[in-house]
Amino acid sequence: MNRVLSRRSFLRRAMAAAGAAGVPVFVPVLGRGQTAPSNRITMALIGMGLMMQGHLRGMCGRGDVQVVAVCDVDRGRREKARAEVESIYGKDRRSGAWRGCEAYNEHERIMERTDIDAVLIATPDHWHAPIACAAIRSGKDVYVQKPMTLTQREGRVLSDLARQYGAIVQVGSQQRSERAFRRACEIVRNGWIGKVKVVHARLGEFPPPADYPAQPVPEGFDYDRWLGPTPWFPYHPERVKGDYGGGWRRFWEYGSRKNGDWGAHHFDIIQWALGRDDSGPVEFIPKGWQGAEHQMHVYDDGVRVLRDAPTRDGHMIHFFGSDGEVMVSRGDRLDTVPAEIKERPLGPGDTRLYESRNHEDNWLECIRTRQPPICHAEIGHRTATICILAGIAERLGRPIRWDPVREDIVGDEAARRWLDRPRRAPYVYL
Amino acid sequence: MKSKWGGLLWLGLAVAASGQEVRGWLSSIASGDDAQRYEARMRLHALTAAATRPGAESERADLERMLVAAAGDVQTPLPARVAAVRFLETVGGASAVPVLGRLLSHPDADLRDSARRALEANPSPEAGATLLEALGGTADPVARIGLAHSLGVRRERRAVARLAALLDDPGVGDAAAAALGRIGGAEALTALQKSRNAARPSVAAAIIEAAPSAGEAGKASLLAIFRSNGPGAVRAAALSALLAMGGKTEEEVELVVSALCAPEVELTTAARAAGRQLAGRTLSSAIDGAWGRMTPVGRVAALELLDEAGRPRAVAALRDEDPAVAAVAVSAVVRLGGVGAVVALLEAAAGGVAKPAAESALAAMRGGEVEQRLRAAAESSPPPVRAAALRVLGMRRDTSARPLWQAALKATDPEVVRAACQALRTAGADEDVAPLADLALGGHADGMMALKAVLSRAGNRAEAARLVARRGEAGAPKGVLAALEVMPLVAGPAALDWVNTQLTSADGNIKAAAIRSLSAWPDLDGVEVLWKVAESGSTPAWQRTLALRGIARIASAATNAPAEARVEAARRVLQAPTAGPEEKKAAVSALGTIPHVRSSEILEAMLAGGEFRDEAAFALANMAAAWRDRDREATRRLSELLEKSGAPEAARKKAAEAAR
């Protein structure tokens with residue numbers, strides 16, 4: 001697929017307010033109906049479960065995007081999604097401006113379509129990398145939900161492919177696009193709480209995985225494809241259920257449990273604050289190791305990140321520095337010690353971080369401008385690496401030493417095998 | 001001291017496991033009891049984890065032997081065999097290969113594929129040979145896809161010929177291509193190029209992957225793809241791979257620049273990423289030469305690749321007709337620095353499409369020379385540049401520029417005055433109250449905004465109040481009206497006293513403005529004065545209404561005041577004999593913003609019936625939402641109450657959402 005400038009001609013508008021730091025800043029997106037149909041970004045939505053609900057309405061409500069395909073292995077879900085898209089675009093269809101929305105079981109059909117510019121992937125984690133890699137190779141830009149990949153090796157491949165193929169990849173660790181988190185990171189980065197010593201992050205716990213009795217696969221549900229590259233297990237609704245409190249997220253086969261769930265948000269922010277977006281910790285210590293009360297990872301300068309250690313006022317992340325503290329949560333909650341640094345303006349020479357006020361908007365702007373989005377593939381990969389390695393340490397019940405430059409586990413050959421997972425045939429493609 | 005493994009109970013159990021126990025757990029995996037099956041799986045997992053720890057080779061070998069025995073034993077129930085093979089994925093070594101190899105032809109597809117995966121991960125070289133042999137012995141397309149893939153993952157060079165023979169097979173061709181791409185080297189590359197389907201996306205991607213390990217032949221193939229009319233993304237990937245291989249700088253620069261001039265956005269994006277390795281004088285010069293041929297997207301990317309030699313190009317791009325290019329040029333000028341950077345940016349900040357970006361850049365630039373040049377421009381330069389410098393000094397909160405801002409407030413050029421006001425809005429302090437009041441109370445809109453901003457953060461509030469009052473009175477009546485508007489921002493006793501005196505003014509407009517001023521008071525100090533106004537028999541009805549609404553507003557907005565006092569203020573409005581329905585509605589609404597047990601009680605009593613039942617319901621719904629993060633129990637209780645009371649649906653829905 002050749003995407004030439006005519007399809008991205010609103011670069012002018014999009015970049016009009018580009019920031020001085022050389023990174024794109026938020027540009028208000030034009031309301032629906034103000035963008036000519038030929039200039040809209042044509043999009044396919046893949047994985048029509050829980051996470052996609054907000055994305056679907058958000059994308060269909062925009063004037064600069066045209067959703068032309070949905071994909072899910074559950075026929076009922078994909079047809080419902082198609083109906084919803086068609087209902088939203090009903091007026092456009094009557095005017096002839098829109099040709100309809102296709103519903104696919106196989107994502108490969110989307111990759112074959114040269115009229116689709118971008119895909120938004122909100123499948124379970126084990127499908128993130130295979131679909132994203134296929135999309136990049138077929139010349140599409142990608143928004144992939146967090147964590148970016150199931151395995152560390154998948155992440156390396158995906159990030160390299162994005163750079164090589166010139167794709168704009170945004171990873172859905174969307175706390176980067178929230179003001180309070182950016183501000184917290186700027187406070188830490190500018191040294192206003194001194195040298196950071198310890199960070200506490202609240203992830204919570206899922207119920208343990210379980211074995212379930214085999215049940216008949218429901219009509220219209222392509223269970224074999226849902227399992228995809230993961231080992232075969234008998235069908236049970238609890239295994240495939242989308243549920244923020246568990247469902248498939250409980251199982252190691254499809255993710256890294258809470259490390260991959262909330263860890264992909266909070267560890268990401270900690271990486272940002274510590275200026276480690278192209279690097280990572282050097283050691284992962286599981287809870288219980290030598291009596292450790294908390295799971296922990298450690299950076300080469302001694303900064304320790306403790307999972308589920310207490311935070312003040314229930315904050316999600318709590319940075320402890322030599323001269324102060326920063327506490328931050330969703331809902332624009334930010335507190336500091338001393339209190340005055342919370343409002344202190346950035347001065348000349350202070351580090352100003354990439355500003356995005358909306359994660360989806362930022363991705364779409366970057367598709368137009370071809371600038372790196374706020375949570376591009378390499379960032380997503382480095383964050384996912386932390387989630388994955390913390391999970392490996394937990395499963396092996398022993399610490400893991402990590403070389404973030406060579407991206408390899410040090411001194412533990414068996415643990416190195418866990419950096420990737422052999423894929424079940426025929427879903428082997430990456 | 002605790003044992004190194006002491007914290008992990010399951011690991012201790014695992015180390016002690018015997019062959020009999022392993023067999024027992026494996027047979028439990030075939031059990032119909034879910035809990036028993038799960039327990040067995042967890043124990044085997046723990047055993048595997050422990051046996052693969054560094055320095056435990058004999059434990060690993062023991063476990064491998066037990067698992068191999070179970071996997072190879074036809075008497076072992078099938079689910080247990082599958083489980084044993086899956087654990088061999090992490091435990092297996094050379095001695096597991098023969099059994100796993102035999103299982104590659106087992107009739108059960110799951111066991112077969114599990115064995116293939118275990119061999120893929122097996123570190124023994126024999127595992128590769130076994131997989132290769134199996135590829136030749138099966139016609140099952142799914143099995144062949146898996147085997148081809150595993151050989152690719154293992155980078156089995158011995159497999160190239162066999163994989164090449166499968167390239168044009170419709171069932172397994174894509175997997176064979178991907179495997180050859182991973183294996184790489186000249187032989188794999190040649191096979192891929194000879195494929196009848198060399199243009200197929202999977203084969204093209206494999207060629208790009210294989211080429212870097214194929215020397216000059218690889219380079220030639222990548223160059224051919226880059227220069228083809230194929231898809232932009234594929235050409236971009238070829239370019240990236242080509243540049244990653246290294247070569248003559250001139251040739252590489254030519255490739256990057258030609259990609260920057262291409263209309264395909266993927267090529268531009270990839271050129272920008274790859275070009276970073278090449279950045280230097282030659283690239284800057286080539287970019288300059290090709291500038292006219294570049295699209296805006298290409299120019300944006302090119303600006304990021306310029307080095308010092310490209311400084312003039314970056315400065316010229318500040319005036320590019322495309323705003324995107326001009327904005328990114330600002331970043332380039334800042335990054336490249338140099339003597340003329342500040343001057344060039346100031347000119348861009350004075351007007352043109354890059355104005356906001358240039359201002360932001362100047363505000364963030366560090367260095368004594370930057371400040372010096374900005375101050376010089378703010379003192380004396382053409383009005384647009386002077387205005388830009390004044391604004392930027394404000395954004396930098398450079399208080400040494402205060403005399404320059406204050407002088408500019410008296411300038412004749414309106415743009416300069418406006419810029420000074422904007423700077424003082426950001427950086428003004430107590431010292432600026434008097435000159436700003438002179439300007440603002442005379443009716444200057446920008447001056448008024450700046451004065452409000454400065455007053456809201458005044459240090460000496462009493463002095464600020466006196467200054468504003470004096471200047472307001474000097475410009476009466478217009479000045480007094482303006483002063484009354486800003487006094488709530490100062491607040492405090494001095495401001496309150498002065499506003500109080502204006503309540504006795506014979507001028508009705510001034511008296512009304514004083515009531516409005518008190519209504520905007522940030523704390524409860526204004527409430528008692530407003531009560532006197534509301535209760536006075538001589539107050540006209542419309543001013544009484546104004547005062548009662550003001551009390552309700554303060555009760556709602558004075559969030560720093562004690563909740564009990566705020567509730568009391570709202571309650572008094574509700575009970576005031578002179579309060580009309582609208583004032584009472586305002587008081588009900590105010591109660592809903594005060595999350596306190598007393599306000600909740602008042603509203604709940606109103607929910608039982610009466611004139612303001614619906615308003616009380618909505619106020620309680622708001623309170624439920626406000627309590628959401630602080631007191632889940634209270635939120636749930638309010639939601640249930642509203643549900644039972646038959647409140648309007650919207651209120652019930654809001655409370656229910658908060659309680660969810």
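In the text below, chain A, chain B and the rest are named by the order of the sequence lines, each starting its count at 1. Every heavy atom of this structure was used, including side-chain atoms; hydrogens, water molecules and symmetry mates were not. Note that the structure is predicted; figures quoted are calculated from it, not measured.
- Of the residues considered (B/Glu359, B/Glu120, B/Arg37), B/Arg37 shows the highest number of contacts with chain A, using heavy-atom pairs under 4.5 Å.
- For A/Arg163, the parts lying near chain B are the backbone and the side chain together; criterion is any non-hydrogen pair under 4.5 Å.
- Between chain A and the options B/Ala326, B/Pro123, B/Ala35, B/Ala143, heavy-atom pairs under 4.5 Å are most frequent for B/Pro123.
- Options A/Ala134, A/Gly411, A/Gly349, A/Ala414 differ in how many heavy-atom pairs under 4.5 Å they form with chain B, and the most are formed by A/Gly349.
- In this structure A/His126 satisfies the ring pair (Phe, Tyr, Trp, His ring centres under 6.0 Å) test together with A/Trp226, A/Tyr254, sequence neighbours excluded.
- Contacts between B/Arg396 and chain A at a heavy-atom distance below 4.5 Å involve backbone atoms as well as side-chain atoms.
- Ranking A/Ala415, A/Pro348, A/Pro345, A/Ala162 against chain B, the residue ahead of the rest is A/Pro348, based on heavy-atom pairs under 4.5 Å.
- For A/Tyr429, the part lying under 4.5 angstrom from a heavy atom of chain B is the side chain only.
- Within residues 229-237 of chain A, the residues having any heavy atom closer than 4.5 Å to a heavy atom of chain B are A/Pro231, A/Trp232, A/Phe233, listed by residue number.
- With a 4.5 angstrom heavy-atom cutoff, B/Val82 does not touch chain A via any of its atoms.
- When heavy atoms are compared at a cutoff of 4.5 Å, B/Val142 approaches chain A by way of both its backbone and its side chain.
- Of the atoms belonging to B/Ala204, not a single heavy atom falls under 4.5 Å from chain A.
- Note that CD of B/Glu209 is 10.0 Å distant from CG of A/Asp160, once rounded to the nearest 0.5 Å.
- B/Glu89 CD to A/Trp418 CH2: the interatomic distance, rounded to the nearest 0.5 Å, is 9.5 Å.
- The closest side-chain donor-acceptor pair between B/Thr90 and A/Arg417, if any, does not fall under 3.5 angstrom.
- Of the listed residues (B/Pro79, B/Ala262, B/Gly92, B/Ala109), the one with the most heavy-atom contacts under 4.5 Å to chain A is B/Gly92.
- For the salt bridge (Lys or Arg N to Asp or Glu O under 4.0 Å) test, residues two or more places apart in sequence or in another chain that qualify with A/Arg344 are A/Glu340.
- Judged purely by atom type and a 3.5 angstrom limit, B/Arg53 has no side-chain atom pairing as donor or acceptor with the backbone of A/Gly397.
- Contacts of B/Ala175 with chain A are made by both backbone and side-chain atoms, with heavy-atom separations under 4.5 Å.
- The backbone N or O of A/Gly347 lies less than 3.5 Å from no partner atom in the side chain of B/Arg366, so there is not a single donor-acceptor pair.
- Contact of A/Leu161 with chain B is not made at all, since no heavy-atom distance falls under 4.5 Å.
- Defined by atom type and a distance below 3.5 Å, a donor-acceptor pair is present between the side-chain atoms of A/Gln371 and B/Glu304.
- Not a single ring pair (Phe, Tyr, Trp, His ring centres under 6.0 Å) links B/Tyr38 to another residue, sequence neighbours left out.
- Atom-to-atom distance recorded for A/Arg398:CZ and B/Thr52:OG1 is 4.0 Å, nearest 0.5 angstrom.
- Here B/Asp174 is the residue among B/Val91, B/Asp174, B/Thr268, B/Leu147 with the most heavy-atom pairs under 4.5 Å with chain A.
- Once rounded to the nearest 0.5 Å, the distance linking CD of B/Glu266 with CG of A/Asp141 reads 7.0 Å.
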